[in-house]
There are 2 protein chains.
Amino acid sequence: MSIIVQKYGGSSLADIDKIMRVANRIIDAKKQGNKVIAIVSAMGKTTDNLVTLANQISKNPPKREMDRLLSTGEEISMSLLAMAIQSLGENAISLTGPQAGIMTDSIHNKAKIINIVSDRLLKELENYNIVIIAGFQGLNENNDIATLGRGGSDTSAVSIAAALNADLCEIFTDVDGVYACDPRIVPNIKKLTAISYDEMLELANLGAKVLHPRSVEVAKTHGVTIHVRSSFNHNIGTIVKEENKMEHNGLITGIAHDFNVAKVVVFGIPDIPGTAANVFRELAKSNINIQMIVQSSQINNKNDIAFTCSLSDARDAKNILENIAKELGAENILIEENLAKVSIVGAGMMTHSNIASQMFEALAKSDINIDMISTSEITISVIVDSSQCEKAVKALAEEFKLV
Amino acid sequence: MSIIVQKYGGSSLADIDKIMRVANRIIDAKKQGNKVIAIVSAMGKTTDNLVTLANQISKNPPKREMDRLLSTGEEISMSLLAMAIQSLGENAISLTGPQAGIMTDSIHNKAKIINIVSDRLLKELENYNIVIIAGFQGLNENNDIATLGRGGSDTSAVSIAAALNADLCEIFTDVDGVYACDPRIVPNIKKLTAISYDEMLELANLGAKVLHPRSVEVAKTHGVTIHVRSSFNHNIGTIVKEENKMEHNGLITGIAHDFNVAKVVVFGIPDIPGTAANVFRELAKSNINIQMIVQSSQINNKNDIAFTCSLSDARDAKNILENIAKELGAENILIEENLAKVSIVGAGMMTHSNIASQMFEALAKSDINIDMISTSEITISVIVDSSQCEKAVKALAEEFKLV
């Protein structure tokens, strides 16, 4: 008997009709002779609504309590889905993340799964053949709920698939698979039939919302094949798998964009060794993820350090840096918002040197001003004004023949 | 340092403004030099909304999943309340029932607390002075959430107060205390300054919604003094305490009424020993709580057995009895709904023999027909048509001088 892990996102579970449809789909997979584990997100806009409630109390609610609050969303959908399957005459049981043995580290709001203690999960799977698990959540060493960050249910699913050596991990979503860029911006964009872990990881890290970045990392580490597909039809979606099993068709596989980016600038810090290290050590202590860094010299032996990170991290970073500004000798700290990051990703890039200039020329031709640039082996990212993001994505999709 | 346990009901936590008000009240109690544990119910209509959602899937949803679903309501309010207290500059931590060590038996939807493992609770109380606990829920021996039934947060609060030998248990609600009957029916009804455990237990069991019956049992067993009071003002409410500490003012302390009652009639079962036992043994196995029982003889050596129970139990009872009707030799099973139970309660009744006739005469004078009667040491209950319930309560309040 095969083990299949399926993950259903919030839009696939947005109301009772959709929950019944998902229940039928799970039962189909079970009737094909599989043991099925389904990981669920919160219904529709539940998480957003809970965030709104918390923000009425505090703009910066305590992270431990926030985790406990948000994790109720998945607990509601798992219970309703288990009820739905039972109402259709099949046995099923729901388990919270802690009950499923998903153990995390202690970093609230963006916890990492460190272990899966699968005793109970295996026992229930033996008894029921269908087990529904709340995604996004796990138990930390303090015996508290910790959440994996927005989109974390993908990581729950892939981690469970890895722990149980499942035969397949299907990520059901509201689109037909992974597209070379957001189809809301370029409607005739190509759907990818397959993509390597590394490329998918870059796209996800750079803002493609279709998979949680950490889920791709876990899939790569454990060799879990992911099938990203629609919960609304039976079309084949996109397979995420190892690079060496891929055929390459073009230099660039996809384009990601991300509005959740801000630039923090620390002005006028003395040009002495170790200053930059001081800045980033303090930020690392608070788990702020830095993306691009640019350091520029002023004429008077002082430097400006600019870096990008997510919007919420930028606000935290500003507070932290203001507290140690005197110590750093910094003159001022500013945040710039209303930015977007646009990135091209492709494993083919490694063997071609002219991709960067081709990208910059295409953007220049469309009158798009580039604020910062960063590159890695298989990606090039630029920061642009948020109002120019769509235009940039369209220009690059055309330039690299992804339509 | 005293330990105070407070319980806030759903109407006291219905929106963010009310949650902030409760947060301030808790902080006041802490500033008076106490360690405070607050037990919370779900916000406003949350539980009802979750029930509606489940009933869209099934009229009779699986009880284990229902418990998991409903218990999210208290988890939401506990997290928000802990955030609210922190936003006001005091430390607080929220704990779920399982985290607070509330261990229950395995009867989903109406579990009983069997033990409180207070290690973590005591540790957090030492660290924070304010601990918020989700009411209504505990952990059963299968490591699953089980709920204590509607109103169960009262029982959570009294059980925690008993386990920690707290100095006071305050039950905050949306009324000023315990009234001799529902003030929505008799607006000028007396508020009780004190009531004995036994009387409160009867009133609660017979339909007074102000306290969960099991909470009064636990309070009686462990000698926990309860103060029922309003969360919207600082008036003294009603003290629930031992009988021997009471002064009695009248024969009748209060009147309860309950629309959640149905009559199940099993027609024409053979008049042989053990038949009634067979009926009630089967019902007990399914945890159906029987209230009144009447057996009447037909002329042909057959009996009718009628009993009352809650509406939902009546539907379950009908299903169970229909399955074994042949075995019992029963001819037919019917449910009668649209009934109400009206009860008078008073410890003074024990030493006065004419209370029953006084009650029946008062009802007769108001043209109210009595369907069934049951009595115990300190109560007399009658079943009447639901349309006559209000009239009956009014007549009895006047007869026994409770206005």
Side-chain angles (χ1 to χ4, degrees), chain A residues 15-17 19-20 23 42-43 46 49-50 52-89 91-96 98-101 119-120 123-124 132 134 139 142-145, chain B residues 15-17 19-20 23 42-43 46 49-50 52-89 91-96 98-101 119-120 123-124 132 134 139 142-145:
Chain A
D15 56 40
I16 298 294
D17 282 351
I19 287 176
M20 294 307 297
M43 292 172 73
T46 307
N49 295 342
L50 291 170
T52 304
L53 217 47
N55 284 339
Q56 285 175 45
I57 293 172
S58 164
K59 285 291 153 232
N60 190 20
K63 293 185 162 65
R64 175 190 182 274
E65 300 300 333
M66 199 64 186
D67 272 0
R68 184 55 263 191
L69 179 70
L70 296 187
S71 59
T72 59
E74 281 69 21
E75 291 164 5
I76 290 172
S77 46
M78 80 174 189
S79 309
L80 292 172
L81 183 55
M83 287 179 191
I85 293 170
Q86 292 189 45
S87 79
L88 296 168
N91 275 328
I93 189 169
S94 75
L95 297 178
T96 60
Q99 287 177 323
D119 313 34
R120 177 161 190 193
K123 197 192 81 188
E124 301 296 359
I132 314 297
L139 193 69
N142 303 323
N143 203 27
D144 285 336
I145 286 260
Chain B
D15 56 39
I16 298 295
D17 282 351
I19 288 175
M20 294 306 297
M43 292 171 73
T46 307
N49 295 341
L50 290 170
T52 304
L53 217 48
N55 283 340
Q56 286 175 45
I57 292 172
S58 165
K59 285 290 153 231
N60 191 20
K63 292 185 163 65
R64 176 190 182 275
E65 300 300 333
M66 199 64 184
D67 272 359
R68 183 57 261 192
L69 179 69
L70 295 187
S71 59
T72 59
E74 281 69 21
E75 291 163 5
I76 290 171
S77 45
M78 79 175 190
S79 310
L80 292 173
L81 183 54
M83 288 178 191
I85 293 170
Q86 293 190 44
S87 79
L88 295 168
N91 275 327
I93 188 169
S94 74
L95 297 177
T96 61
Q99 287 178 323
D119 313 34
R120 177 161 191 193
K123 198 191 79 187
E124 302 295 1
I132 314 298
L139 194 70
N142 303 324
N143 204 26
D144 285 335
I145 286 259

Residue part contacting chain A, namely of [X], when any heavy atom lies under 4.5 Å:
X: B:Asp67; answer: neither
X: B:Thr96; answer: side chain
X: B:Leu53; answer: both
X: B:Ile93; answer: both
X: B:Ser87; answer: side chain
X: B:Gln56; answer: both

Quick one: of A:Arg64, A:Met20, A:Met66, who has the most non-hydrogen atom pairs under 4.5 Å with chain B?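 Heavy-atom pair counts peak at A:Arg64.
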Quick check on the interface: out of A:Ile19, A:Ile132, A:Asp144, who has the most heavy-atom pairs with chain B under 4.5 Å?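 Option with the greatest count: A:Asp144.
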Working to the nearest 0.5 angstrom, can you tell me the gap between B:Asn49 CG and B:Leu70 CG?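 Those atoms lie 11.0 Å apart.
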If you look at every heavy atom in A:Ile145 and A:Leu139, which pair is closest and at what distance? N-CD1, 4.3 Å
If every non-hydrogen atom of A:Met83 is compared with every non-hydrogen atom of B:Leu69, which pair is closest and at what distance?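 The answer is CE-CD2, 3.9 Å.
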If you tally heavy-atom pairs under 4.5 Å against chain A, which of [options] wins?
options: B:Ser94, B:Ala54, B:Pro98, B:Ala82; value: B:Ser94
options: B:Ala23, B:Gly73, B:Pro62, B:Ser77; value: B:Pro62
options: B:Ser79, B:Ser71, B:Ser58; value: B:Ser79

Can a salt bridge be assigned to the pair B:Arg68 and B:Glu75 using a cut-off of 4.0 Å between side-chain N and carboxylate O?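 Looking at B:Glu75 together with B:Arg68, the answer is yes, because their closest N to O distance falls below 4.0 Å.
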